[in-house]
Engineer: 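Supplied in C-alpha cells, the structure appears directly below.
Lettering of chains follows the sequences in order, A, B, ..., and the numbering in each one begins at 1. When reading the values below, keep in mind they use all heavy atoms of this one structure, side chains included, and skip hydrogens, waters and symmetry mates.
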There are 2 protein chains.
Amino acid sequence: MSLWSRTRNAVYGEITRTSMELFLTRGFDATTIDDIAAAAGISRRSFFRYFGTKEDVVLGDLATRGDLIRQALEARPDGEDPWDALCAALHSVKDAAYGSDEEMLAVFKMVHQTPSLRARSIEKHLQWQAMLTPEIRRRLGADPSDPLDVRAEALVASVLTCLDVAGEAWGRADGKVPLEDLFDAAAAAVHGGSS
Amino acid sequence: MSLWSRTRNAVYGEITRTSMELFLTRGFDATTIDDIAAAAGISRRSFFRYFGTKEDVVLGDLATRGDLIRQALEARPDGEDPWDALCAALHSVKDAAYGSDEEMLAVFKMVHQTPSLRARSIEKHLQWQAMLTPEIRRRLGADPSDPLDVRAEALVASVLTCLDVAGEAWGRADGKVPLEDLFDAAAAAVHGGSS
DNA sequence: TGACCATCTGGCACTCGGTGTCAATGAGGC
DNA sequence: GCCTCATTGACACCGAGTGCCAGATGGTCA
C-alpha cells in the first residue's frame, strides 16, 4: 500500500471522527462544513473530495452494508420462504461498524431526528432494495423483464421498512430492548405466519 | 372571502401551473427558482412566501391527502382487520388532484426519477404514517404510551411502502396497468391472506 | 374622504451546501 | 535529477433558503 493510500485513509478516518464528534455534540444541522474542515485541519474543498455530501459522513458505509446483506441473502437455502430468507439475511448482518452501543444509539437518534439524514437514510434503503430484489425475483420464479410483477419489490421494501420502524422504536426506547426483537415483532405483525 | 384571499389563491395557482409546466419540460433540477419567479411574474422572494421549498410545489398537497386517508380509515368498520382497513382507506382516496392521467403519470415519473423529490415524497409518507398510526394502535388495542409496540407502525409503514412500490411500477409501465391492481398485488405479496 | 393598521411585496444582503477551475506541492517510477 | 500524476488549497461561482426593511395596497374606522 502506497503512502498516498495510507495518508488518504488516515485523512478519511480523521474527517469521520472529527465530524461525528461535532455532530453528536452540536447537532448535525448546527455543524457546518467549515466547522468540520477547520477541526480536521483541511480545506473546505478537500472535504468534498472525501465525502460527496455532509450526510455521507454519517451514512456513507451503508452502501457497503447493503452488499453484505445481499451476500447473506444469496447464502440462504434455496427452498426457504423469501420473506424468512430476507429476515434471516438482515439478522446475520450485525452492525459492527460502531465503536460502542451508546454511539450507535446516538447516531440512530440523530438520523431519525434530522430530516435530511432521515431522507438520505431511506434513499440508502432504496439502494438496498435494488440490490436485493433480483435475488428475490429469482426465488419467486418471476420473469426478470416483467415490470408489472411487483411481488419481489414489495417483499424487499416491506422488510426494509420493518427494519426502519424497528430502528426508530429502538432509538425512542433508548436501546433498552434489543433491536432484533423489535424487528422480529414488526416483521411478524406485517407478515403474519412467520417468525 | 376578501380580495386578499382571492389574489393569494390566484397567485398560488399561477405559481403552481407555471412551475409544473417548467418542471415537465425542462426537468425539475434544471428549473431554478429564478426561472419560476420570472415566468410567474413575481419576485424570487415572494415564491418562498407561497412555497417553503421547490419540492413543495410538486408535493405540497400530499399533507392534505394524508388527512383524507386518515378520515377514510376512521370510517372503516371497527371490527375490520387493520391491514384490510388500511388498504381500503387508500383505495377510497383516488388521486383527484391531477388534471389528466398523462399529467399524473408524468409527475409520478418525475418524482421517482429525481432524488430530492423522491426523498421529500418519502418524508410525506412518514407524515402519513404518523397520522394513521394512532388509529391502528387503537384498533390493535395497543397501549398508546408503549414505545415498544411496533405492530401499528409496521403495518402502516408497510402498506405505504406497498403504495410506493406500486407507484414506481406504475410509472415504469407507463400507466398501462391500473395503479390499484399493482397496489393490490404488492399488498397481497406482503400480507398473504387478504385481498 | 382621510387617517390608520394589517398585509403583501420586492429588493438586498447573507448563510450554507456543493461544483469547476487552476496553480502549487509532493510522491513514485525512470 | 526529471517527468508524471494524484492531492491540495484557494478562489470564484451557483442555487436554495432566510432575515430584514422600505414601500405599496387593501381593509377599517372616524
Engineer: CZ of B/R120 versus P of D/dA16: gap in Å, rounded?
Structural biologist: 12 Å

Engineer: Does B/T31 reach a base, just sugar-phosphate, or nothing at all? Heavy atoms under 4.0 Å.
Structural biologist: sugar-phosphate

Engineer: Check nucleotides 21-23 of chain C for protein N or O atoms closer than 3.5 Å to its own N or O atoms and list the pairs.
Structural biologist:
none

Engineer: How close or far is atom P of D/dC11 from atom CZ of A/R44, stated in whole angstroms?
Structural biologist: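 Between P of D/dC11 and CZ of A/R44: 13 Å.
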
Engineer: Does a side-chain N or O from B/S46 land closer than 4.0 Å to OP1 or OP2 of C/dG10, or not?
Structural biologist: yes

Engineer: For the residue pair A/E14 / A/T18, report whether a side-chain donor-acceptor contact shorter than 3.5 Å exists.
Structural biologist: yes

Engineer: Among C/dG11, D/dG17, C/dG17, find the nucleotide with the atom closest to the side chain of B/S43.
Structural biologist: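 Comparing C/dG11, D/dG17, C/dG17 against the side chain of B/S43, the answer is C/dG11.
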
Engineer: For B/G52 and for A/I42, locate the closest nucleotide of DNA chain D by heavy-atom distance; then report the residue assigned to the nucleotide nearer the 5' terminus.
Structural biologist: A/I42

Engineer: Report yes if the side chains of B/E123 and B/L59 come closer than 4.5 Å at any heavy-atom pair, otherwise no.
Structural biologist: no

Engineer: Across the strands shown, which category fits B/T53 at heavy-atom distances under 4.0 angstrom: base, sugar-phosphate, nothing?
Structural biologist: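 The residue B/T53 makes sugar-phosphate contact but no base contact.
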
Engineer: In whole Å, I'd like the distance from the NZ atom of B/K54 to the P atom of D/dC14.
Structural biologist: 16 Å

Engineer: Main chain of A/L22, side chain of A/T25: is a donor-acceptor contact present, judged purely on distance under 3.5 Å?
Structural biologist: yes

Engineer: Rounding to a whole Å, what distance do you find between B/R6:CZ and C/dC8:P?
Structural biologist: 14 Å

Engineer: Under 6.0 Å from the CG atom of B/D143, do we count more than 12 heavy atoms belonging to anything else shown?
Structural biologist: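 Yes, because the 6.0 Å sphere around CG of B/D143 holds more than 12 heavy atoms from other groups.
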
Engineer: Atom CZ of B/F48 and atom P of C/dC8: how far apart are they, to the nearest Å?
Structural biologist: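 B/F48 atom CZ is separated from C/dC8 atom P by 18 Å.
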
Engineer: Is the shortest side-chain heavy-atom distance between A/R70 and A/E74 below 4.5 Å?
Structural biologist: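 Yes, side chains in contact.
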
Engineer: Does a side-chain N or O of B/Y50 approach OP1 or OP2 of C/dC8 to a distance below 4.0 Å, or not?
Structural biologist: no

Engineer: Using side chain to side chain contact (heavy atoms under 4.5 Å, CB included) as the criterion, list what pairs up with A/E55, not counting sequence neighbours.
Structural biologist: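 If we apply the side chain to side chain contact (heavy atoms under 4.5 Å, CB included) test to A/E55, skipping adjacent residues, the hits are A/F28, A/T53, A/S116, A/L117, A/R120.
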
Engineer: Separation of B/R8 atom CZ from D/dT25 atom P, in whole Å?
Structural biologist: 18 Å

Engineer: Near B/E180 CD, under 6.0 Å, is it more than 12 heavy atoms from other residues, nucleotides or ligands?
Structural biologist: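 Enclosed: over 12 neighbouring heavy atoms sit under 6.0 Å from CD of B/E180.
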
Engineer: Check the distance between D/dG15's P and B/F47's CZ and give it to me in whole angstrom.
Structural biologist: 14 Å

Engineer: Give the rounded distance in Å between these two atoms: CG of A/D34 and P of C/dC16.
Structural biologist: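 Checked: the CG to P distance equals 7 Å.
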
